[in-house]
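In what follows, every chain begins at residue 1, and chains take the letters A, B, ... in the order their sequences are listed. Because the structure is a prediction, the values reported are computed rather than measured.
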Amino acid sequence: MNLDFLGDNKRSHYCGNLDASLVGRQVSLCGWVHRRRDLGKLIFVQLRDVSGIVQVVFDSGAFDDFAKVEALRAEYVLWVKGVVQKKGDSGQEVEVLASDILLLNNAPELPVQVNEGTMADEDIRLKYRYLDLRRPALQNIIKTRSKIISGIRRFLDGEGFFEIETPILMKSTPEGARDYLVPSRLQNGKFFALPQSPQIYKQLLMISGFDKYYQIAKCFRDEDLRADRQPEFTQLDMEMSFVTQEDIFAINQRLFQYLFKEILGVDLSEFPRLTYNQAMEDYGSDKPDLRFGMKLKNLSEVLQDTEFKVFASALADGGSVRCVVAPGCGSFSRKQIDEFVAVAKHLGGKGLAHTKVEGGKLEGGVAKFLSDAEQKAIIKTSGAKDGDLIFYASDSNSVVYKVLDGVRRALGKQLGLCDDEQFAFAWITDFPLFEYDQENGRWVACHHMFTNPKEEHLKYFENEADYGKIQGMLYDLVCNGMEISSGSIRCHRADIQKKIFDLLGFEQEELDEKFGFFLEALKYGTPPHGGIAPGIDRLVMIMTKAASIRDVIAFPKTLKAVDLMSQSPSQVDISQLEELGIEIKKNK
RNA sequence: GGGGGUGUAGUUCAGUUGGUUAGAACGUCUGCCUGUCACGCAGAAGGUCGCGAGUUCGAGUCCCGUCACUCCCGCCA
């Protein structure tokens, strides 16, 4: 094979860009054999490059070295010269009648099929990720991701933002998620951490005066994974000075409107807002799927004197009885209902009660345990109509919320209410600042410790009984039941920051060691500031309708945080460990 | 850390009550075919039934353990 592979033979066009306007023109293409249809003296090759696929025709009557063409196999790499012609008599579709080819490389039989053959399981596709990434479906996602990121840069540059890189090797901050640690050779026995987010650095940049900052930031968290969670992921990290929550909402809404219009041609309307308390009350979740209604209803009041033990005992224990109405589902079979009971149990519910509504009365399920008056009240409060099915959960509030949120989502899916083409964004606001950690018997920050409390809630710092009432200037952006962004207005006043640390039970010595440099920085004229960090992987998932976060990352890891292709993480040479002064315990 | 699912040919899957030589489709290979477009036709090769141990005259199938992937709970400021 000639090592000057292409010589003067350059690519003139991309496969996917040929159209009827080029009919009669000579073109040269580079690409892979996607599919081959061999008719003996006539061979059709579907040639694929990153732009798409075009059919190339090889006619033995008009092609000198036909043996070369007969030897072509799937995924061989070609340079092809030929003339564009219409494919068939009618239509706009074109093909290329080849006059010359150069075989640039070959390939053995493939472990996965790149064309539309049987799709291998994900673990095999992950091992051969570079081949899986040749599949047009996956290429389209990665191309859309690229467009989203360039769109973000274009928009924020236009808004006067500075893109600034922050360190990947940074100080470990044991609050919150588990850090990925990196041992230091020059500082033996000490460790860097990979950033869970550039939080502290972006606040320092505000102190430095770069009053509009952003970064397409890689973040790392050593926690267990999910279908929408990877150990390393990408955030659009943003921070602004001299802004209010309203400013951050406005610029983010415009950013998302810009991206959806540019990339999907979709007009997003004004993002509605919901307080955290309202979201929990109506949907049992702080990231509700707002593509459909079916709000939860609280029946605790109308059932306060019920004799039905299951409900009564939950109420007596300080819990609640709530329901969700499944419209028109009164004819569900026992088996269908059991599937929702399974959902409830899966989420920690002891069970899931149900009744039908018929002739203005409750029927079936637990109906016989409820008095006429209670039945009437339930129908009135829930708004259920004849032919509807009602699911009831009774337990502590947190379990009831979790269960009915799950049941509502499952119902939405089953009833076809989760339309992929619809994008239901909403701001969730007024989150609590602290929550009580039962396990460790202490208060912890819900978001992070540098969030500003609401002015009117400063009074609650006086009394531990009120700590749970303190709300922060905290907000999430949700879409279709997924949290895609989370942010806050930061605390820029030392006296308020001190109150927060006191509440969380930090000793001065510990603070100095962990955050001393940051607390010192806050003293020197910190401007009021705040920010947000949309998750780019989840945004790409929503915009490309991907089912898994692994589909939107070029080289993802498995649920056990392993790269099946490179087999990392891996063991390292003993000499590497010795340099670092690290010894591996043998028992694991 | 806990619970569920999956693992059989290169790939996707079937495999009955534990019983002869473990099947199909796609892919691969050989031959034929000048308008295919999931090309077609004829033929062939291809198996550590994830791994280990056990029960049994006999295990893909049953028991135990283990590994990998996946979904969920905990966890993810």
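For A/R229 and B/C76, a side-chain-to-base donor-acceptor distance below 3.5 Å is present, hydrogens and geometry of angles not being considered. Checked by distance alone, A/R35 brings no side-chain donor or acceptor within 3.5 Å of a matching partner on the base of B/G27. For A/E223 against B/G74, a side-chain-to-base donor-acceptor contact under 3.5 Å is absent. Side-chain atoms of A/K560 and base atoms of B/C69 include no donor and acceptor less than 3.5 Å apart. A donor-acceptor contact under 3.5 Å is not formed by the side chain of A/D121 with the base of B/G7.
Here the separation of B/C64 from B/G23, taken at their P atoms, is 30 Å to the nearest Å. As rounded to the nearest Å, B/U17 and B/C63 have P atoms that lie 14 Å from one another. The C1' atoms of B/U55 and B/G47 are separated by 25 Å, rounded to the nearest whole Å. Using C1' as the reference atom, B/G3 and B/C13 are 27 Å apart when rounded to the nearest Å. Taking the C1' atom of each, B/A25 and B/U61 are spaced 23 Å apart, rounded to whole Å. Atom C1' of B/C33 sits at a distance of 15 Å from the matching atom of B/G43, rounded to the whole Å. A distance of about 36 Å separates the P atoms of B/G18 and B/G27, rounded to the whole Å. Comparing the same atom, C1', in B/C37 and in B/U30 gives a spacing of 24 Å after rounding to whole Å.
Counting any heavy atom pair closer than 4.0 Å across all strands shown, A/L110 reaches sugar-phosphate atoms only and no base atom. At a threshold of 4.0 angstrom between heavy atoms, the contacts of A/E109 include nucleobase atoms, whether or not backbone atoms are also involved. Counting non-hydrogen atoms under 4.0 angstrom, A/E75 reaches nothing in the nucleic acid. Residue A/R125 is out of contact with every strand shown, counting any heavy-atom pair closer than 4.0 Å. Within the nucleic acid shown, A/G348 has no heavy atom closer than 4.0 Å to any nucleic acid atom. At a threshold of 4.0 angstrom between heavy atoms, the contacts of A/L225 with the nucleic acid are absent. Nucleic acid contact for A/S60: base, since at least one base atom lies under 4.0 Å from a heavy atom of the residue.
Mapped onto RNA chain B by nearest heavy atom, A/K402 and A/Q196 fall at different nucleotides, with A/K402 at the one closer to the 5' end. Nearer the 5' end of RNA chain B, as judged by each residue's closest nucleotide, is the contact made by A/L97, out of A/L97 and A/L564.
Between A/Y130 and A/Y128, the ring-plane angle classifies as perpendicular under the 30° and 60° cut-offs.
With respect to A/Q196, the side-chain hydrogen bond (donor to acceptor under 3.5 Å, both in side chains) criterion is satisfied by exactly one of A/D179, A/D222, A/T173: A/D179. Checking A/V69, A/V45, A/I43 one by one against A/D38, the side-chain contact (heavy atoms from CB on, under 4.5 Å) holds for a single residue, A/I43.
Using Watson-Crick or G-U wobble geometry with both donor-acceptor distances under 3.5 Å, B/C75 finds no partner in any strand shown. Across all strands shown, B/A68 forms a Watson-Crick or G-U wobble pair with B/U6, both key distances being under 3.5 Å. Pair assignment for B/A44: B/U28, on the basis of Watson-Crick or G-U wobble contacts that are both within less than 3.5 Å.
Comparing B/C69, B/G10, B/G35 by their closest approach to the side chain of A/E95 singles out B/G35. Here the side chain of A/R73 is nearest to one of B/C29, B/U11, B/C72, namely B/C29. Comparing B/C71, B/G35, B/G1 by their closest approach to the side chain of A/L559 singles out B/C71. Of the listed nucleotides (B/G1, B/U36, B/U34), B/U36 has the atom at the smallest distance from the side chain of A/Q55. With B/C72, B/U70, B/U12 as the choices, the nucleotide that has an atom nearest any side-chain atom of A/R226 turns out to be B/C72. Taking only side-chain atoms of A/K87, from C-beta outward, the nucleotide of B/C73, B/U28, B/U36 with the closest atom is B/U36. Side-chain proximity of A/Q113 to the nucleotides B/C33, B/G27, B/C75 is greatest for B/G27. Candidate nucleotides B/C73, B/G10, B/G35 were compared by shortest atom distance to the side chain of A/L347, and B/C73 ranks first. Residue A/F44 has its side chain nearest to B/U36 when only B/U11, B/U36, B/C71 are considered. Considering only side-chain atoms of A/D224, the nucleotide from B/C69, B/G74, B/G3 that sits closest is B/G74.
The interatomic distance linking A/H34 (NE2) with B/G27 (P) rounds to 13 Å, in whole Å. Between the CD atom of A/E70 and the C1' atom of B/U30 there is a distance of 13 Å, given to the nearest Å. At whole-Å resolution of the value, CD in A/Q46 and C1' in B/U36 are 9 Å apart.
Between A/D123 and A/K127, none of the side-chain N atoms (NZ, or NE/NH1/NH2) sits under 4.0 Å from a carboxylate O, so this pair counts as no salt bridge. The residues A/E93 and A/K87 are annotated as salt-bridged, a charged nitrogen and a carboxylate oxygen being separated by less than 4.0 angstrom.
A/R409 places a side-chain N or O within 3.5 Å of a backbone atom of A/G481 that can act as its donor or acceptor partner.
Separation of atoms CG (A/D49) and CH2 (A/W32) is listed at 7.5 Å; rounding is to 0.5 Å.
A/F249 has its ring centre less than 6.0 Å from the ring centre of A/W427.
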